[in-house]
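What follows is one structure encoded as structure tokens, with my remarks underneath.
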Amino acid sequence: MNELFDNFERIEKNDPEFHEIFKNFAYGEVFEYSTLTEKESVLVTLASLIACQSPKAFKKILLSALGKYITPEEVKELLYQSVPYVGFGRAHNFFGVVIKVFDKKGIELPLENRSNTTSDDRRQEGRKIQDRYFGEEMIRAMNDNAPEGQKHFNTFLEGYCFGDFYTRDGLNDQQRELITFTFIATLGGCENQLRGHTQGNLSVGNDKEKLVSAVTVMLPYIGFPRSLNALAIINEICD
């Protein structure tokens, strides 16, 4: 699988010294310490590249992985899932990248609609997922304790984040929470949210080893400070 990632030709041609160092670490040594499946590794890598705003690297890896390790439907859901976490301002360019890659691969657009909610039930269905991931008592307390004038943010979480996105087909609970953890860890400065989604990962069946492996895979792209912060939170929540 490492051939997916070892394809940054311009760096290899113009700075072979750096290319050799980075290749040996990111596409060799790192994978010796990860137990993620090939699909999970691709999802984590692409999610991290969205959050750290690397469209060229994203495109290179997507071109190599699409149809081999990841389906068009999974790419669409990865992109949709990114929006409530990194914001559309960061995700916008990647919609264009995906359209260009799909066109090059002969994938007809638009893809099938994967939504499972309506304007009438999106909040109710989103709340069910929140309760399942984080516990009904915690979600109730969060809503009850929201300061006056800020309760609409919890409404947005129910309907938009969880109702519009988490309820969709195309990725399962484990995959959605794994890439959500990746988005947040890559962004940095979101430690409280990372704690919540570390617990969310455990609730849907992603164990400590899987989260450590995700950080291992994203480390070359996000650097040591954010990786070590994520590891500290994993150790805090899981131990």
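Salt-bridge formation is not detected for the pair E73/K76: no Lys NZ or Arg NE/NH1/NH2 atom is positioned less than 4.0 Å from an Asp or Glu carboxylate oxygen. Taking 4.0 Å as the cut-off between side-chain N and carboxylate O, K68 and E38 do not count as a salt-bridged pair. Between E158 and R122, no side-chain nitrogen of the basic residue sits less than 4.0 Å from a carboxylate oxygen of the acidic one, so the salt-bridge criterion is not met. Ion pairing between a basic and an acidic side chain is recognised when a charged N comes within 4.0 Å of a carboxylate O; E137 and R140 show no such pairing.
Classified by interplanar angle (parallel below 30°, tilted 30° to 60°, perpendicular above 60°), the ring pair H197/Y166 is parallel.
Note that OG1 of T182 and CG of L78 are 9.5 Å apart. Values are rounded to the nearest 0.5 Å. The distance from the OG1 atom of T45 to the CE atom of M218 is 9.0 Å, given to the nearest 0.5 Å. Between the CD atom of E29 and the CG atom of N24 there is a distance of 9.0 Å, given to the nearest 0.5 Å. Atom NE2 in H152 sits 8.5 Å away from atom OG1 in T155 (nearest 0.5 Å). In this structure, the separation between CG on N206 and CD on Q175 is 9.0 Å, given to the nearest 0.5 Å. To the nearest 0.5 Å, atoms CZ (F156) and CZ (R123) are separated by 10.0 Å.
Proximity of I139 to Y133: side-chain heavy atoms (C-beta onward) are nowhere separated by under 4.5 Å. Put simply, the side chain of L46 does not reach to within 4.5 Å of the side chain of I50, judged on heavy atoms.
Considering every non-hydrogen atom in both Q130 and F162, the closest pair reads CG-CD1, 3.5 Å. Pairing each heavy atom of F134 with each of G200, the nearest pair is CE2-CA, 3.8 Å. The two atoms that bring L36 and S41 nearest to each other are CB-OG, 3.6 Å, heavy atoms only.
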For a quick test of your reading: what N or O donor-acceptor pairs under 3.5 Å do the side chains of residues 88-113 make, sequence neighbours left out?
from: R90; atom 1: NH1; to: A51; atom 2: O; distance (Å): 3.3
from: K105; atom 1: NZ; to: L63; atom 2: O; distance (Å): 2.9
from: N113; atom 1: OD1; to: S115; atom 2: N; distance (Å): 2.8

Tell me which donor-acceptor pairs under 3.5 Å the side chains of residues 222-238 have, and how far apart each pair is, sequence neighbours excluded?
from: R226; atom 1: NH1; to: T186; atom 2: O; distance (Å): 2.6
from: R226; atom 1: NH1; to: L187; atom 2: O; distance (Å): 3.4
from: S227; atom 1: OG; to: G223; atom 2: O; distance (Å): 2.7
from: N235; atom 1: OD1; to: K208; atom 2: NZ; distance (Å): 3.2
from: N235; atom 1: ND2; to: L231; atom 2: O; distance (Å): 3.2
from: E236; atom 1: OE1; to: R195; atom 2: NE; distance (Å): 3.3
from: E236; atom 1: OE1; to: R195; atom 2: NH2; distance (Å): 3.4
from: E236; atom 1: OE2; to: R195; atom 2: NE; distance (Å): 2.9

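Take F183 and apply the ring pair (Phe, Tyr, Trp, His ring centres under 6.0 Å) test, not counting sequence neighbours, and it matches no residue.
D121 and T118 are linked by a side-chain donor-acceptor pair at a separation below 3.5 angstrom, with hydrogens and angles left out of the test.
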